[in-house]
Amino acid sequence: MDTTNDSMVSEFVLTGLSNSWEMRRFLLWFSAVFYMGIILGNLFIVLTVITDSCLHSPMYFLLANLSLLDLGLSSTTVPKTIFDLFTDCNIISFPKCMTQIFFIHITGGGEMVLLIAMASDWYTAICKPLHYLTIMSPQMCVSLVVAAWVVGIIHAVFQFVFVINLPFCGPNEVDNFYCDFPRVIKLACVDTYKLEFIIIANSGFISMVTFFSLIISYILYLHFVWKHSSGDLSKAFVTLSAHISVVILFFMPCMFLYVGPFPTTSLDKYLFIVDSAITPVLNPAIYTLRNKDMRVAMRRLCKWIMGPHGISK
Ligand SMILES: *[C@@H]1O[C@H](CO)[C@@H](O)[C@H](O)[C@H]1NC(C)=O
């Protein structure tokens with residue numbers, strides 16, 4: 001371990017990885033398989049939306065942008081984890097650790113805004129169909145995507161400025177697979193009480209607000225369907241339950257991680273796997289496999305990729 005007593009820490013040791021050999025092997029396979037799924041699933045969505053002219057509508061643009069953010073979110077941590085597991089090394093340099101934190105929060109924050117945008121799009125399409133085209137204009141769509149990135153960047157910068165100059169002089173072991181605020185600021189050699197408050201007020205707040213906005217939009221939607229469909233809610237419930245499960249899967253770990261108390265157990269690292277590996281796979285599955293236009297477009301893209309000699313059916 002490369003710490004000198006009187007100077008600053010130049011690297012961190014991710015001790016979350018140094019479990020038993022079986023556990024490491026399991027994690028390696030798990031991460032590799034899920035990462036492949038994330039890359040293939042999300043790239044396929046982006047390609048389908050870009051190439052298929054039938055999918056040039058707000059919903060699909062937002063979906064493709066969500067896939068890009070999902071790719072970004074998992075690529076900030078999963079490849080490094082796979083590499084560490086593969087090479088039996090678990091050291092991360094200080095700049096890389098900070099970069100990881102920064103990108104987790106840009107993509108995570110952006111993703112939250114996009115999820116709200118997609119829920120609003122969905123709500124408008126179903127509950128205000130006559131105004132849909134004027135409300136969800138191409139300009140609106142671009143603004144929502146830009147807003148997602150701007151909010152993500154502001155969200156990340158506003159926590160980062162407080163962390164980047166912290167003195168790290170003592171222990172450098174992070175009990176996790178990756179670097180993130182809650183664990184890393186605990187290692188600073190100053191009292192981080194105020195900083196924990198800033199992180200809770202920022203990351204915790206954005207997670208809670210997004211979660212409750214989404215739940216409220218689902219309730220409004222159900223209320224609308226209930227009033228306009230003479231009581232048959234079963235179809236709405238099926239669609240909604242898929243969305244709600246993904247939202248709960250994504251936000252429960254976020255809220256647990258950032259709405260204190262700050263980590264005392266090692267549950268947080270397993271919760272983060274849900275956000276960095278499981279929801280990025282589930283998002284494409286939920287939003288595409290249940291959608292007929294998307295399935296048709298994907299089949300078209302497949303045929304086109306395989307060419308005339310491909311499997312045709
Ligand atoms: C993201 O959204 C913008 C604005 O609607 C759109 O122009 C762009 O094509 C989308 N990105 C992808 C990868 O579809």
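Note that ligands are numbered from 1 as they come in the structure, with each ligand's atoms numbered from 1 the same way.
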Item to check | Shared hydrophobic cluster, I206 / I154 (ILVMFWY, side-chain heavy atoms < 4.5 Å) | outcome: no
Item to check | Near-ring test F272/F177, centroid separation under 6.0 angstrom | outcome: no
Item to check | Q100 side chain vs D180 backbone, donor-acceptor pair below 3.5 Å | outcome: no
Checklist entry - How would you list, by chain and number, the residues with a heavy atom under 4.0 angstrom from ligand 1? => result V46, F61, A64, N65, L68, C141, V142, V145
Next on the checklist: Taking V174's backbone N and O only, do any of them form a donor-acceptor pair with T15's side chain (distance below 3.5 Å, no angle check)?
Outcome noted: yes
Item to check | Same apolar cluster (I L V M F W Y, side chains within < 4.5 Å links), V190/I198 | outcome: yes
Next on the checklist: Using 30° and 60° as the class boundaries, would you call the ring planes of F160 and F102 parallel, tilted or perpendicular?
Outcome noted: tilted
